[in-house]
Structures are given as structure tokens and as C-alpha cells.
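Throughout, protein chains are lettered first and strands after them, A, B, ... in sequence-line order, and every chain is numbered starting at 1.
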Amino acid sequence: MADLLLRLEIEDFLYAEAELLDNRRYEEWLDLFTEDCHYWMPIRSTRVAGDEEHELTREWENSYFDDDKLTLRQRVAKLGTGFAWSEEPPSRTRHVVSNVRIRAGASPDELTAVCNFITYRTRLSTDEDVWIGERHDTLRKVDGRWMIAARKIYLDQAVLKSKNLSSFL
Amino acid sequence: MTVDMAELVDRDRGMISRRILWDEEVYQLELDRIYMRCWLLLCHESQVAQPGQYFTTWMGDEPIIVTRDRDHQVRAMINSCRHRGNSVCRADAGQTRAFLCAYHGWTYGLDGSLIGVPGDEERYHGDLDRSQWGLIRVPRVAIYKGLVFGTFDPSAPSLEEYLGQTRWALDYFLDQRAGGTEAVGGVYKWLIKSNWKLGADNIMGDNYHSAVTHRSALMVGHMTLARNEHRNGQPLTDAAGETRGARRARPGFTAPLGWGHGFMTDLQLAEGSDFAEYPEPLRSYYRETQPEIERRLGPVRARVKKINLTVFPNLCVNTSSNTMRVWQPRGPQQTEVWLWTVVDKDAPAEVKRLMRQAGQRHFSPAGLFEQDDMDNWELATRSAGGRVSRNFPLHYAMGLGHEQWATDGVVTRQINAINDESNQRAYYTGWADFMSGADWDELRRRREAWEGAAQPERGVAHG
């Protein structure tokens with residue numbers, strides 16, 4: 001029962017986070033991240049069975065995102081300049097989170113929330129992107145509320161079928 | 001409809017027809033006359049470092065496997081079984097002893113030779129001459145300082161001759177240090193609905209767009225936002241104007257070369273002065289390696305701050321983000337962008353990390369600069385074919401007739417540089433030369449004429 005309640009609590013947190021992004025409340029979204037956070041999205045490539053260790057780039061290799069709180073702040077600040085053309089006019093996004101699984105964290109006040117995600121983006125008249133994958137979020141309880149200490153985003157696509165990644169996943 | 005080059009590229013007036021961005025007939029001719037003839041980048045040598053390592057890529061519309069053979073030779077062949085045409089390799093990269101076709105089992109060695117045929121005796125009765133049925137080889141493969149190139153044209157000039165004066169810039173990218181370079185793991189690949197030439201002409205010469213297209217990125221942190229600790233951890237929002245002013249005053253030059261090549265470079269204001277904005281330990285690394293660069297490449301290149309280079313037709317280098325990219329054509333209105341990060345092999349791990357992040361944070365699909373280029377090119381491509389718009393050429397005439405050529409023999413270049421479109425004009429002049437179907441001797445004459453007219457004392461000296 002406690003497991004179920006914890007999962008519901010975490011799901012609510014993830015849904016609320018998605019709502020902030022879909023409503024472009026980026027400053028509030030930033031506040032969900034700890035100061036020591038790491039936001040990381042490796043690159044996937046097609047590999048034969050048996051070569052899984054090279055399917056995703058490692059921490060010392062290239063990645064779509066390799067951000068800390070400062071660079072996340074820079075991304076949000078960029079969106080607020082009025083000249084961020086990739087988001088001017090802004091894209092419409094819908095973040096869908098599901099299949100949430102809770103795993104024990106490295107310390108009592110941390111846990112890992114694994115989920116599947118679908119993020120839909122449409123912009124201008126007919127542009128469409130669908131990003132699907134798995135996310136591993138390290139959540140930490142700070143002053144009684146959950147915060148994101150680390151996010152790992154594993155996109156299923158090997159060739160990104162999008163002109164850019166100007167949305168957060 | 002036929003294709004008349006003079007109509008597409010008006011080099012005297014700097015006018016380019018929009019037809020080169022949308023027309024299928026022009027595109028097919030590009031595959032024939034450019035992608036079947038030019039030297040094309042295949043990969044970095046470090047991606048096929050060990051025997052048995054392979055990397056799959058494209059040359060125009062041909063899928064290519066690059067391998068390191070057991071004799072340590074780098075080979076390249078078309079990824080298509082000679083029996084029914086199926087791909088014999090479906091992975092992006094890996095390690096293998098042979099390529100087994102998943103259809104009927106024809107098997108090819110690392111050099112492309114046919115080494116196994118199921119039923120060789122009982123079904124083919126020994127009639128199949130395996131020596132004639134290997135994978136189709138890329139006839140010429142050559143390596144320039146770690147970059148592996150291939151061409152389908154047996155009569156093409158040597159790779160060194162083809163690269164010509166771009167070597168001045170490539171050496172700055174690849175040969176600063178004795179240990180050479182390596183590719184960081186992972187190639188960014190993404191699909192854009194843009195013609196493949198727009199990005200290539202942008203990188204080699206378009207300083208004009210930065211202040212507008214990249215204004216938001218410049219406002220929140222300049223090229224070195226890998227870690228701006230001197231800004232107290234806060235994004236830069238108000239000093240961008242000063243930074244742009246300093247950029248305008250920066251010395252530099254453009255090198256609009258023959259055969260569609262070209263590069264532009266910023267020079268440092270004074271020795272070592274421009275590294276102040278880089279994070280540590282990158283700042284110290286750049287300062288400390290400067291004498292080695294000077295020893296290896298001479299005094300001018302020791303003063304380089306950054307170089308943006310296009311090697312015709314579709315290889316671009318941006319040294320300040322340690323990246324190179326290939327614009328893989330996918331039809332007239334679609335391009336797959338492939339981006340590599342290339343770092344000094346002997347650099348310390350922490351320096352490599354900052355170099356990798358400079359590429360990722362600026363010029364990968366999520367990069368603060370890269371993000372904002374894409375809609376521009378997609379929308380320019382989309383509107384190019386309009387029944388009315390197609391009759392109105394694009395304006396590439398900035399600075400035409402105002403060129404000031406340098407005469408010190410460093411490299412063919414002009415010194416008022418940064419504020420014109422001479423590199424883009426060189427690109428489309430080269431494009432038209434190849435598209436005309438001229439043979440290599442004629443192309444050599446045109447290159448000589450272009451680079452010779454640009455500068456009387458031509459030739460690459462050790463500058």
C-alpha cells in the first residue's frame with residue numbers, strides 16, 4: 001500500500017512537471033531542479049545484437065543534452081529573450097508520461113523514477129515531431145518536496161527525425 | 001526542362017536561382033556531376049581504428065561501408081549484396097570479421113571480396129566466379145590527417161590536390177598537435193527539410209546572420225558558455241552588445257577558393273588575448289599549446305581564433321566548437337545532418353570534456369546556436385519552388401566589386417573579409433563549374449583562373 005501511495009505521489013509530481021512545460025512556465029519548471037542537477041540525453045545508434053554496450057553513448061561521449069543548472073538556466077533565459085527563433089512563434093508541446101516504476105535511490109531521501117514518455121511537438125502550421133523513449137529521473141526530497149537531481153533521457157530514434165531539439169523532454 | 005548553369009548562377013551579378021533548392025532535375029544532376037566525382041568525407045580514421053571495425057555512411061545516394069581490413073588498410077564499398085541487392089550491413093558501426101547478407105547468405109570479407117556462397121557447388125555447379133562478384137568498391141579512398149575520404153571518380157585528382165588551399169584551414173583543425181585528433185564517440189544525425197547547400201554556404205561565409213539568427217544565444221552567453229564562472233553562475237543577458245562590437249572589430253579574412261571551397265577566419269586581437277573568456281582548464285590549454293601550433297603551422301595560424309570551412313560539396317568545419325559535419329543530401333528538399341566532435345588526441349580528459357560540450361551546447365540539434373538556423377533554411381527551401389517566387393533570384397551580391405585581396409602569399413584571401421558574401425559566391429561558382437560537366441583539366445583551368453584572379457601572388461606559403 002505504501003508502495004502504491006508513493007507511486008501515485010511521484011506520478012502526480014511528473015504530471016505537474018509536464019503541465020509546467022506544456023504551459024511554457026519555464027521558470028517554475030527550473031525550480032524543480034536541484035542546484036547540483038544533471039540533465040543528460042545520450043545519442044542512440046543502431047548496433048547488432050551483442051553490441052548493446054555501444055548502442056547509447058556514454059557519459060564521456062557526445063550527447064544531445066549534458067546540462068547542469070546553469071546551462072538549463074541559460075536555455076530558459078534564451079527562451080525569454082524574444083529572439084529565440086526556434087521557439088518564436090512558440091511550439092505547442094504535449095508531454096505524456098506513463099509506465100512509471102519506482103526504484104530505490106542511492107540514499108533514503110532519493111529514489112529513481114523510470115517512465116516511458118511521448119512528447120509531441122507541433123509548430124507553425126503543420127510541423128510535427130514525436131519523441132518517444134524512456135526517462136530515468138533521480139528525485140530527491142528537499143525540505144519536504146520532491147526535486148529532480150538527475151534526468152537521463154533515452155530517445156528511441158537513432159536518426160533524430162526533427163529539425164532541432166528546442167523543447168525540454 | 002533543361003538545366004542551363006548560366007541561368008542558375010549569375011556569378012557576375014551574384015544572383016542565384018531558387019531552382020537549385022527545389023528542382024528534382026537539378027538534384028539528379030548534382031548526384032551525377034558532383035557526388036559521383038568529388039572527394040567526399042566518409043568518417044574520421046579513429047572510427048575505424050582497429051582491423052574489423054566498420055562505419056556505415058553515404059556518398060550521395062549510395063550507402064557505404066567503411067572498414068579497416070586485416071592488413072590495416074581502410075576500405076570503402078557499397079552496402080549492397082551483388083546477388084539481390086540487399087544491404088549486407090544494417091548497423092551504424094561495430095566490429096566484425098565479415099558481412100553476411102541476411103537474404104541468401106552471400107558473405108563478404110572486410111575488403112568487400114566475396115568469400116562465401118551457400119550452395120556454391122551443388123546449386124551453382126562451381127560456375128560462379130567469386131572474384132567478379134565482390135561488393136562494389138569505392139575506387140579511391142584516401143586519408144588526410146585523420147579524415148577518410150572517398151571518390152567514385154577514378155580520374156579525380158589526388159585528395160591533396162582536390163583539397164587545395166583548404167589544407168591551410170584543415171591543418172589548423174587537424175594538425176595543431178603532434179598526436180593528431182580523434183572523433184569523440186557518437187555522431188549526431190538529424191533530418192531537416194532543407195536543401196543540402198544552404199547549410200554549406202552558411203558555415204563557410206555567413207557572418208551576416210549571426211547577430212540576428214543567433215541573437216538570443218548571444219544574449220545569454222557567448223561561444224564559451226561551457227562554463228562562465230566569471231559571470232557568477234548567472235546567464236549573460238546584458239553584455240552581448242559589447243561582445244558583438246568586439247567581434248566587428250576583430251581582424252580576420254575570408255578565403256573564397258576555387259572548386260566551391262572556402263573558409264573564413266577570425267584572428268585574435270593580440271597573442272593569447274582572446275582566451276580569457278574560455279573556462280579553465282581550456283583557457284590554459286589554448287595558451288599552452290600556442291607555441292606548438294606556431295612551430296607546426298607558422299605565426300599566422302598561431303593567431304587564429306576560429307575557422308569556419310566548407311570543403312565542397314558538403315563537408316563543413318567549425319573549429320571553435322570542435323565540430324565537423326556532412327550535409328547528406330536526401331532529395332532536393334531534405335537533408336540528413338551528420339555532426340562529429342573532433343578533439344586533440346593528446347588533450348587531457350577535462351579539456352576534451354569542455355571541447356565536447358562546446359560542440360553539444362552550440363551546434364548539436366539542441367545547441368543554442370544550431371536550434372535557430374533550421375527554420376530559416378526549411379522555410380527558404382519551402383518557398384523556393386513557388387510558381388512566382390521561383391522566378392526571383394536570391395541575392396548573394398554583398399561586397400561584390402569591393403573585394404580587397406591580400407598579397408602576402410599566405411593563402412588566397414581577401415582582407416575586408418568578414419562582411420561580404422564572396423565565399424558564398426565562390427561556393428556557387430564551383431557548384432556551377434562541376435554542374436557544367438567540365439572535365440578535370442577544364443576544372444583545373446577554372447580553379448587557376450578564379451584563385452589567380454583573386455590574388456596575383458597565389459600559392460600556399462607557410463604562413
Side-chain angles (χ1 to χ4, degrees), chain A residues 35 39-51 54-89 91 123-127 129 157-169, chain B residues 56 89-96 183-194 212-221 225-229 231 233-237 336 338-341 349 352-353 356-357 359-361 364-368 370-379:
Chain A
E35 286 303 308
Y39 183 93
W40 182 66
M41 179 170 161
I43 303 172
R44 193 181 293 272
S45 61
T46 303
R47 300 279 172 156
V48 297
D51 193 21
H54 293 111
E55 186 175 338
L56 291 161
T57 50
R58 279 79 57 95
E59 298 241 356
W60 61 89
E61 297 178 319
N62 280 328
S63 54
Y64 294 108
F65 289 99
D66 185 9
D67 282 37
D68 55 20
K69 188 73 181 265
L70 169 66
T71 55
L72 283 178
R73 213 176 264 140
Q74 276 172 317
R75 291 181 185 279
V76 169
K78 176 180 185 290
L79 290 168
T81 59
F83 302 102
W85 306 115
S86 54
E87 291 297 324
E88 178 54 48
S91 301
R123 74 177 267 92
L124 307 182
S125 51
T126 54
D127 285 1
D129 296 285
Q157 290 174 356
V159 175
L160 181 71
K161 293 182 76 178
S162 309
K163 68 180 106 181
N164 60 24
L165 281 172
S166 53
S167 302
F168 296 107
L169 297 175
Chain B
T56 56
C89 178
R90 298 177 178 183
D92 295 329
Q95 177 87 32
T96 192
V184 175
V187 180
Y188 300 93
K189 301 176 183 178
W190 71 106
L191 202 59
I192 61 175
K193 296 187 191 71
S194 161
V212 178
T213 296
H214 301 305
R215 182 164 178 187
S216 63
L218 292 164
M219 285 169 78
V220 298
L225 56 80
R227 185 99 231 163
N228 297 296
E229 72 269 75
R231 289 171 189 142
Q234 292 301 312
L236 176 69
T237 52
E336 206 171 293
W338 286 27
L339 181 79
W340 287 257
T341 307
K352 287 182 184 177
R353 184 179 72 84
R356 162 172 61 77
Q357 287 182 338
Q360 177 255 321
R361 289 177 179 166
S364 78
L368 295 189
E370 188 83 38
Q371 289 177 352
D372 293 326
D373 285 313
M374 296 304 155
D375 277 332
N376 293 346
W377 299 334
E378 288 199 354
L379 294 170

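Atom CD in B:Glu378 sits 9.0 Å away from atom CG in A:Leu124 (nearest 0.5 Å). Once rounded to the nearest 0.5 Å, the distance linking CG of B:Leu339 with CD1 of A:Ile43 reads 8.0 Å. Note that CD of A:Glu61 and CD of B:Gln360 are 13.5 Å apart. Values are rounded to the nearest 0.5 Å. Between the CG atom of B:Asp92 and the CD atom of A:Glu55 there is a distance of 10.0 Å, given to the nearest 0.5 Å.
Counting heavy atoms from C-beta on, the side chains of B:Thr96 and A:Val48 never come closer than 4.5 Å.
Only the side chain of A:Thr57 has a heavy atom closer than 4.5 Å to any heavy atom of chain B. The parts of A:Ser45 that come within reach of chain B are both its backbone and its side chain, each placing non-hydrogen atoms under 4.5 angstrom from that chain. Looking at A:Leu79, there are no atoms closer than 4.5 Å to chain B (heavy atoms on both sides), in backbone or side chain. Using a 4.5 Å cut-off between heavy atoms, A:Asp67 touches chain B through backbone and side chain atoms alike. For A:Arg58, no part lies under 4.5 angstrom from a heavy atom of chain B. For B:Gln371, the parts lying near chain A are the backbone and the side chain together; criterion is any non-hydrogen pair under 4.5 Å. Proximity to chain B (any heavy atom under 4.5 Å) is restricted, for A:Asp51, to the side chain, taken from C-beta onward. There is no contact between B:Gln95 and chain A, counting heavy-atom distances below 4.5 Å. Heavy atoms closer than 4.5 Å to chain A are found in the side chain of B:Ser364, but not in its backbone.
Checking side-chain atoms of A:Asn62 against main-chain N and O of B:Val187 turns up no donor-acceptor pair under 3.5 Å. A donor-acceptor pair under 3.5 Å is absent between the side-chain atoms of A:Tyr64 and the main chain of B:Gly367, judged by distance alone.
Nearest approach of A:Phe83 to B:Arg215, heavy atoms of both residues: CZ-NH1, 3.3 Å. Shown here for A:Gln74 and B:Val220, the closest heavy-atom pair between the two residues is NE2-O, 3.2 Å. In this structure, A:Ser162 and B:Trp190 approach most closely via the heavy-atom pair O-CD1, 3.4 Å. Residues B:Ser216 and A:Ala84 share a closest heavy-atom pair of OG-CA, 3.4 Å. Counting all heavy atoms, side chain and backbone alike, B:Arg356 lies closest to A:Glu59 at NH2-O, 3.4 Å. Considering every non-hydrogen atom in both B:Asp375 and A:Trp85, the closest pair reads OD2-O, 3.9 Å.
For the options B:Ala93, B:Gly94, B:Ser194, heavy-atom pairs under 4.5 Å to chain A are most numerous at B:Ala93. Across B:Leu191, B:Asp372, B:Asn376, B:Ile192, the residue that shares the most heavy-atom pairs under 4.5 angstrom with chain A is B:Asp372. Chain A forms more heavy-atom pairs under 4.5 Å with one residue of B:Ala366, B:Ala91, B:Gly186 than with any other, namely B:Ala366. Considering only heavy-atom pairs separated by less than 4.5 Å from chain B, the leading option among A:Arg44, A:Lys161, A:Arg47 is A:Arg47. The greatest number of non-hydrogen atom pairs below 4.5 Å with chain B, out of A:His54, A:Glu88, A:Met41, A:Arg123, is found for A:Arg123.
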Any chance you could lay out the side chain to side chain donor-acceptor pair (under 3.5 Å) test for A:Asp66 and B:Gln357, step after step, and finish with the verdict?
-> CA-CA 7 Å; A:Asp66 185 9; B:Gln357 287 182 338; 3.0 Å; yes
